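All heavy atoms count here, side chains included; hydrogens, waters and symmetry mates do not. Each chain gets a letter, A, B and so on, in the order its sequence line appears, and its residues count up from 1. All of these numbers come straight from a predicted model, not from anything done at the bench.
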2 protein chains.
Amino acid sequence: MKILIVEDEIELLEAISNYLGNSNFICEKAMTLFEAEDKLISFNYDIIILDINLPDGNGIDFLKTVKEQSPETGVLIVSAKNSLEDKLKGLDLGADDYITKPFHLAELNSRINSLIRRKKFEGNNTIKFNEIEIYPDSRTVLIHDKQITLTKKEYHLLLYFITNINKVITKESIAEHLWGDDIEMASNYDFIYTHMVNLRKKIKKNGGTDYFRTMYGLGYKFTDS
Amino acid sequence: MKILIVEDEIELLEAISNYLGNSNFICEKAMTLFEAEDKLISFNYDIIILDINLPDGNGIDFLKTVKEQSPETGVLIVSAKNSLEDKLKGLDLGADDYITKPFHLAELNSRINSLIRRKKFEGNNTIKFNEIEIYPDSRTVLIHDKQITLTKKEYHLLLYFITNINKVITKESIAEHLWGDDIEMASNYDFIYTHMVNLRKKIKKNGGTDYFRTMYGLGYKFTDS
DNA sequence: CTTCGACTATTAAAATTTTCATGTTGTATC
DNA sequence: GATACAACATGAAAATTTTAATAGTCGAAG
C-alpha cells in the first residue's frame, strides 16, 4: 500500500510519515504541489493525503489532476479548521474523505483504514477461488487464466457469491444486493433464476466448475466441498 | 419532506443541510440532544438524521423518545463508531437505517431516498410541476391527469429533474444519480442523450410540454420560464 | 462572418435484462 | 412409497438499456 503525503508543515509531514510507516504503509513525501505532481507522474499511489493549503497553490487543482489520471486513488483531504467551501468542493471533485487540522494521528490512521475498507483495496485486490479469478479493479474475470465475458448482473452475482464462500445466500439478499432500491420487479424472483442459469451456463461453457449448490427453500451456496 | 439533522460537528451539519436542501428537503438543524428534543415538541419530521455521539448524551435515548412519540418518523442513525452493538441497539429500538462516519453525502442521500421509499410516506409524496404529476409511492406518472408509462431509467431521469427545478444538472450528476457505482459504461455519455431523447419524446407524445432546456456544454435544466 | 471542433440529437441495431410459459425436482404429508 | 405442492430450471419472447453511426447545432477563434 503506497501513500503520498502532501503537506508543507515539515514536522507534521514527518510525524505522519513515521506513524504510517510503522503500519506497513510505504510513504512518500511532498512539501509542495510541484513536488507532488512530479511524483505523481512516476508512480501510482493507493492513497494520497493532501493538505489543500500549500505554499505554491491550492490542492484542489491537484486533486482534480489525480482524479483524472487515476480515479481509483483514494484522496484524503487535510484542511484548516474553517474552510467549509474547500471541503465541499473537494468532496464534489472526488475526494474520499476529509480531516480537519489539528488531528490525532490515530484519527488519521482510522480514516485511512476506513478508506481502504471502502475502496476494497484488500491486498492486491484479487479474488480467487480455485480456477476462478476476479480483478474487481478492471472488472475482469478469468477461468483457468482465460478471460471470460460476463454481463453486469452476472458479474455482480458471481462476485457476491465468491466473497461469501460456503454461506447460504437467500434470494432476498441477492435481490437487495444486485437491485437495491429498484424494487420495480414483480414480487417473484424469476429473474434471479434466469441469471443463475445464465451464469452457471457461462461458467461451465468456459471450462469452470459449477460451484453453486441449490439449497432448496433457502437459496444458494457457493462451495467447493 | 421535513428533515431534522442532529449533529454536533458544525461543518458536517452544514454540509448535510446544504446538500439535502438542494434536493427539495426542508432541513432543520440541532447540535445537541436538548435542541433536538425541543424541536421535536413543536414539529413533526418525516425523517431524523441522528448522530448518536452527542455532547450532552447518547442519541439512543432520543431515538426511543422519537419512536414513542411519532413512530412513523424515519430515523437514520449516524455513528462514528463502527460498533456493532450500537448498530444493533439502534435498529432494535426502531431506527430505520444506519450509516457510519465518514460517508459521502451522495451515500447519505441515497439512504434517505431508500428510506422514503420504504416508508411509503403517504400524503406528502406528490410531486407536481404544471401538468406533470408523480406519485413515487406507486411509481406513477400523470400528464394532464392521464397516466403514462415510463421505463425505469426514464422515470428516474424525470424524477431527478422534477425535484431539481431550475437547476442545471450536469451529465456527471445524472450518471451518478441513475447509475451510481456501475461505471461500466463507455467513457462517454451517449446513453444519457438517448434516454433524454426518449423521455422528451414520450412526454411530448402524451401531450406534455418539454420543459428540458439544453444548456450547451453544461447539462440540462428543467424549467418553466 | 466564417470555420472548425466539440457538443448534442436522432435513429437503428446490438446487447442485456426481465417476463412468461412450461417442465422438472425436491420435500412434506399422508 | 405415492402424491401434491412449492421451489427451481430452462428456453424463448418481450422489454429495456446500451452502443454505434450519422447528422445537426452551438460557440469560440480568427
Side-chain angles (χ1 to χ4, degrees), chain A residues 68 139 141 147-161 168-206 210-223, chain B residues 139 141 147-161 168-205 210-223:
Chain A
E68 275 166 16
R139 224 226 68 160
V141 179
Q147 183 170 341
I148 68 170
T149 304
L150 297 181
T151 71
K152 193 154 66 187
K153 294 291 184 213
E154 287 160 2
Y155 171 78
H156 283 299
L157 202 49
L158 178 60
L159 188 60
Y160 187 34
F161 274 95
V168 178
I169 307 294
T170 65
K171 289 189 289 299
E172 285 75 16
S173 319
I174 297 176
E176 181 168 343
H177 209 84
L178 268 76
W179 285 269
D181 293 341
D182 294 338
I183 322 178
E184 307 197 359
M185 352 170 214
S187 50
N188 61 49
Y189 291 123
D190 281 357
F191 47 92
I192 292 182
Y193 294 136
T194 304
H195 286 300
M196 284 300 296
V197 166
N198 292 340
L199 178 55
R200 285 171 142 168
K201 208 183 287 179
K202 202 170 274 188
I203 287 176
K204 281 185 274 184
K205 196 170 63 189
N206 289 88
D210 178 7
Y211 295 112
F212 291 99
R213 292 278 165 77
T214 302
M215 312 294 283
Y216 190 90
L218 297 171
Y220 298 89
K221 191 159 78 169
F222 198 80
T223 183
Chain B
R139 225 225 68 162
V141 179
Q147 184 171 339
I148 68 170
T149 305
L150 297 181
T151 72
K152 194 152 69 185
K153 294 290 185 213
E154 287 161 4
Y155 172 78
H156 283 300
L157 200 50
L158 178 59
L159 189 59
Y160 187 36
F161 274 95
V168 177
I169 307 294
T170 65
K171 287 189 288 298
E172 286 74 15
S173 320
I174 295 176
E176 180 168 344
H177 209 84
L178 268 75
W179 284 270
D181 290 339
D182 294 337
I183 319 176
E184 306 197 1
M185 348 170 217
S187 50
N188 61 47
Y189 291 121
D190 282 356
F191 47 93
I192 293 181
Y193 294 135
T194 305
H195 287 299
M196 286 298 296
V197 166
N198 293 340
L199 179 54
R200 284 171 143 167
K201 207 183 286 180
K202 203 171 275 189
I203 288 176
K204 281 186 272 184
K205 195 170 63 189
D210 179 6
Y211 294 113
F212 291 98
R213 292 277 167 74
T214 302
M215 313 294 285
Y216 190 90
L218 297 171
Y220 299 90
K221 193 159 75 168
F222 197 81
T223 184

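- The phosphate of D/dA7 (OP1 or OP2) has no side-chain N or O of A/Tyr220 nearer than 4.0 angstrom.
- Interatomic distance, CG of B/Leu178 versus NZ of B/Lys171, reported as 14.5 Å (0.5 Å rounding).
- For the pair B/Arg213 CZ and C/dT8 P, the interatomic distance rounds to 16 Å; values are reported in whole Å.
- Put simply, CD1 on A/Ile169 and OH on A/Tyr160 are 4.5 Å apart, with the number rounded to the nearest 0.5 Å.
- Put simply, A/Thr214 has a side-chain N or O that comes within less than 4.0 Å of OP1 or OP2 on D/dA9.
- The interatomic distance linking A/Tyr189 (OH) with D/dA9 (P) rounds to 16 Å, in whole Å.
- For the pair B/Lys171 and C/dC7, the criterion of a side-chain N or O lying under 4.0 Å from OP1 or OP2 is not met.
- Between the CG atom of B/Leu199 and the C1' atom of C/dT10 there is a distance of 15 Å, rounded to whole Å.
- Note that the OH atom of B/Tyr189 and the NE2 atom of B/His195 stand 14.0 Å from one another [nearest 0.5 Å].
- Each end of the helix from C/dC1-D/dG30 to C/dC30-D/dG1 yields a helix axis from five base pairs, and these two axes differ in direction by 40° (to the nearest 10 degrees).
- As a whole-Å value, the separation of A/Ile174 CD1 from C/dT18 C1' is 16 Å.
- Taken to the nearest 0.5 Å, the CG atom of B/Leu158 stands 5.5 Å off from the CZ atom of B/Phe212.
- Considering only heavy atoms from C-beta on, B/Lys202 comes within 4.5 Å of B/Thr151 through its side chain.
- One finds the NZ atom of A/Lys204 at 5.0 Å from the CG atom of A/Asp210 (value rounded to the nearest 0.5 Å).
- Here the closest non-hydrogen pair linking B/Glu154 and B/Leu150 is OE1-CA, 3.6 Å.
- Distance CZ (B/Phe212) to P (C/dA9): 11 Å, rounded to an integer number of Å.
- For the pair A/Leu157 CG and C/dT17 P, the computed distance is 11 Å after rounding to whole Å.
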Expected string for nucleotides 23-30 of chain D under the B/S/- scheme (protein heavy atoms, under 4.0 Å, primed atoms plus P, OP1, OP2 as sugar-phosphate) is ---BS---
Each nucleotide of nucleotides 10-17 of chain D classed B (base within 4.0 Å of a protein heavy atom), S (only sugar-phosphate) or -, in 5' to 3' order, makes BB----SS
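- Scanning all heavy atoms of the two residues, the minimum distance from B/Ile174 to B/Trp179 falls at O-CE3, 3.9 Å.
- The side-chain heavy atoms of A/Met196 and A/Ile192, taken from C-beta on, include a pair separated by under 4.5 Å.
- In this structure, B/Ile148 CD1 and B/Tyr155 OH are separated by 11.5 Å, a value rounded to the nearest 0.5 Å.
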